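The structure presented is a predicted model; accordingly, all values stated were derived computationally and were not measured. Order of listing sets the numbers, starting from 1, for every ligand and every atom in it.
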Amino acid sequence: MAETQVLIVGAGPVGLTLALDLGQRRVRCVLIERNKTSIQLPKMERCNARTMEIYRRIGVAEKIRDAGLARSAPMDVFLAISMAEPALAHLACPSVAEAKAEIAAHNDGRPLEPYQLISQYTLEPLLRSFVEALPSVTVRFGCELASFTQDSDSVTAHVRNSEGAHEVIEASYLVGCDGGSSTVRKQLGIQLQGDGSIGKLRQALFHCPDLYERIPMGKGRHYHIAEGPGFPFIILQDSRRHWTLHATASSDAEMPEIFRRSLGMPVEFEMLSVNEWTQHLLCAERYAEGRVLIAGDAAHLVVPTGGLGMNTGVGDAIDLSWKLAAVLAGWGGPQLLSSYEEERRPVGLRNVKASRAAMSGRLSWRAAYHPHIGRDTPEGAAIRREMARRFAVEQRKVTEILGIEAGYRYLGSPIVWPEPGEGPDPDTSQYVPTTWPGSRLPHVWLDDPAALREPASPHHRVALHDRLGSGYTLLRLGRTRVNTATVERTLRATGAPLQVLDLAEESAREICGFDLLLVRPDLHIVWRGNQIPEDPAALAAVATGHERAI
Ligand SMILES: Cc1cc2nc3c(=O)[nH]c(=O)nc-3n(C[C@H](O)[C@H](O)[C@H](O)COP(=O)(O)OP(=O)(O)OC[C@H]3O[C@@H](n4cnc5c(N)ncnc54)[C@H](O)[C@@H]3O)c2cc1C
């Protein structure tokens, strides 16, 4: 019988991210995956800004960018009658290089990293290679979870390998990152709530090496074809030689013809794969029971519109990882793991709602379709104008949702110090930097101390996020003279790792709005103030999950 601290079931992007962060925290894990290899089919292709911040913190963001779509490639979105025609509507979206230059040029609290296009079939093997390099993680492909039992001390999992041999793995905790049809969720008897099976689409992957350079309307990542009722949708993959087509088709064999029609020009291609997938808008009624937890698609399923599937799951992984590490290290209190569901399920529900809104925006511009759209008549021109007008408004609700991606806040969390009042609305598409307890610490550019010591250094600034270690951080801003020794002492007395960071920069004080902030290992804010709290011991107990915030 094998024994480990955390058994992770499923090596999709969420299980891999959890294994990576737990492994970096030196937690012993076994990651099992029933397939013999990483995913071969295309699924997600866009890591959002918050996911890229998380990957930066784990130290892999630039490696992901190196493997993904070139930094200089435009991320524009088009609507057209075919790829050979002029665009009916064109949403310009900055390339990664342009977006990075904008971030570098501003110090206003906007997120530190922009999005990155990387195909799931590129991302998964890359994450796997990072995980396999960690000494505390054992990765086993071709190993399927069959069933498990749990008691108050441990979880006993029964697994079988690809030859059919059975084995038992005993773990302190089990996390089901095993996707939409999660064995773990089903065995816990957890129901999904919401709308299941709301539609079916076919997706095909094409190798079409010449297309990218030949599109008259310009280079981009999404091409919506104004052809009802199926509305084919073509997505650029990271190599720029591969494309996916999403369409309603009654058989796989129809897909090459739909692709040919959507291209509207003679371009050679080969269909590499085709599969049907079902759309859902669902969230699990619970995220955990005892020592078994679920994350990612096992806990929530959204339509891809808005790209909130994997990205929400990466947020789950990073919320859960430090809590598991803290409990296993002995300093985490009983509220830490129960806060996982209390923090992440509301985000799951919110992102299901945001995906639904993005989907209805798409349906609204599609409703302007009429078969005469391509006609060279005043009627045809009016149809095209109206669809383009709606597209420009509604499609932005899909591509410009930075507030949804990075602005979530853990409202009512038992491990966040409550503050009277409402705080900014965490559910808007526009991102508003805030340090309201429960929110993610905004990004601030700081003077780089190394550059100050060495004026010839090319790097003059460093990101605040990069200065924070893997434990808690007490940020002391605006040259405060407040004596924080009792806060530091009481927090350290719990055994939790704490770094104290004095930052003189006015920009940090201005963006953060307070002199003192207590930041968690996942960069969410526990507490803020200008004086130490009345009861530092109570703050330490809440922050580390030994008492519930009231
Ligand atoms: C067409 C399409 C486009 C998408 N685009 C985006 C996008 O742009 N952005 C975005 O964020 N999301 C997108 N998504 C959603 C995204 O692909 C999923 O949210 C993501 O794959 C979920 O990751 P996961 O690790 O939770 O689950 P999965 O990727 O489903 O991985 C689960 C893993 O668990 C394994 N497993 C299952 N059962 C067992 C078992 N019993 N034992 C061992 N292993 C098991 C499976 O083999 C699988 O490898 C898209 C999805 C589709 C279909």
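- The option with the heavy atom closest to atom 50 (C) of ligand 1, from among Met44, Arg46, Arg140, Lys186, is Met44.
- Here the CD1-OG distance, from Ile401 to Ser429, works out to 7.5 Å after rounding to the nearest 0.5 Å.
- Looking at every heavy atom in both residues, Asp427 comes nearest to Asp425 through N-OD1, 2.9 Å.
- Ion pair Asp522/Arg440 not flagged as a salt bridge, since none of the NZ, NE, NH1 or NH2 atoms sits closer than 4.0 Å to an Asp/Glu carboxylate oxygen.
- Remark: minimum distance from atom 34 (O) of ligand 1 to any protein heavy atom is reached at Gly10 CA, 3.2 Å.
- For ligand 1, the atoms closer than 4.0 angstrom to any heavy atom of Gly296 are 26 (O).
- Residue Asn35 has at least one nitrogen or oxygen atom sitting less than 3.5 Å from a nitrogen or oxygen atom of ligand 1, judged on distance alone.
- Those atoms of ligand 1 with a heavy atom of Gly309 less than 4.0 angstrom away are 10 (C), 11 (O), 12 (N), 19 (O).
- Between Glu227 and Arg261, at least one side-chain N (NZ, or NE/NH1/NH2) sits under 4.0 Å from a carboxylate O, which counts as a salt bridge.
- Set against the non-hydrogen atoms of Glu45, the atoms of ligand 1 under 4.0 Å away are 7 (C), 8 (O).
- Remark: Leu263 CG to Phe269 CZ distance equals 6.5 Å, nearest 0.5 Å.
- A salt bridge links Glu62 with Arg71: at least one charged nitrogen is closer than 4.0 Å to a carboxylate oxygen.
- Taking 4.0 Å as the cut-off between side-chain N and carboxylate O, Asp195 and Arg356 count as a salt-bridged pair.
- For ligand 1, the atoms closer than 4.0 angstrom to any heavy atom of Cys143 are 43 (C).
- For ligand 1, the atoms closer than 4.0 angstrom to any heavy atom of Leu145 are 40 (C), 41 (N), 42 (N), 43 (C).
- For atom 27 (O) of ligand 1, the closest heavy atom belonging to the protein is Gly179 CA, 3.7 Å.
- The protein heavy atom nearest to atom 31 (O) of ligand 1 is Gly12 CA, 3.5 Å.
- When only interatomic distances are considered, the shortest N/O to N/O separation between Trp277 and ligand 1 does not fall below 3.5 Å.
- For ligand 1, the polar-atom distance check against Val9 finds no nitrogen or oxygen pair separated by under 3.5 Å.
- Aromatic rings from Phe391 and His90 are positioned such that their centres are separated by 6.0 Å or more.
- Below 4.0 Å from some heavy atom of Val14 lie the following atoms of ligand 1, by number and element: 23 (O), 24 (P), 25 (O), 26 (O).
- Within the set Thr305, Asn311, Asp178, the minimum heavy-atom distance to atom 36 (N) of ligand 1 is found for Asp178.
- Considering both main-chain and side-chain atoms, His246 never comes within under 3.5 Å of ligand 1 through any nitrogen or oxygen pair.
- A salt bridge between Arg202 and Asp252 is present, with a side-chain N of the basic residue lying under 4.0 Å from a carboxylate O of the acidic one.
- Annotation: Phe231 is not in aromatic contact with His224 [ring centroid separation under 6.0 Å not met].
- Heavy-atom proximity to atom 28 (P) of ligand 1, evaluated over His300, Lys43, Glu33, Arg34, is greatest for Lys43.
- Under a 4.0 Å criterion applied to the non-hydrogen atoms of Pro304, ligand 1 contributes the atoms 2 (C), 3 (C), 4 (C), 5 (N), 52 (C).
- The pair Glu289-Arg286 meets the salt-bridge criterion, since a charged nitrogen lies less than 4.0 angstrom from a carboxylate oxygen.
- Here's the thing with Glu144: none of its N/O atoms is less than 3.5 angstrom from an N/O atom of ligand 1.
- The closest non-hydrogen atom to atom 21 (O) of ligand 1, taken over Gln120, Met310, Glu405, comes from Gln120.
- Proximity of the aromatic rings of Phe206 and His242 is defined here by a centroid distance below 6.0 angstrom, and this criterion is not met.
- With hydrogens left out, the protein atom closest to atom 26 (O) of ligand 1 is Asp297 N, 2.9 Å, a heavy atom.
- Salt-bridge check for Arg56 with Glu113: passed, with a basic side-chain N closer than 4.0 Å to an acidic carboxylate O.
- Within the 4.5 Å cutoff, side-chain heavy atoms of Thr312 are placed close to those of Arg344.
- The closest approach between Cys177 and ligand 1 falls below 4.0 Å for a heavy atom of the residue.
- Of the polar atoms of Gln203, none of the N or O atoms is found under 3.5 Å from an N or O of ligand 1, judged by distance alone.
- Residue-level proximity to ligand 1 for Thr183 is carried by the side chain, the only part with a heavy atom below 4.0 angstrom.
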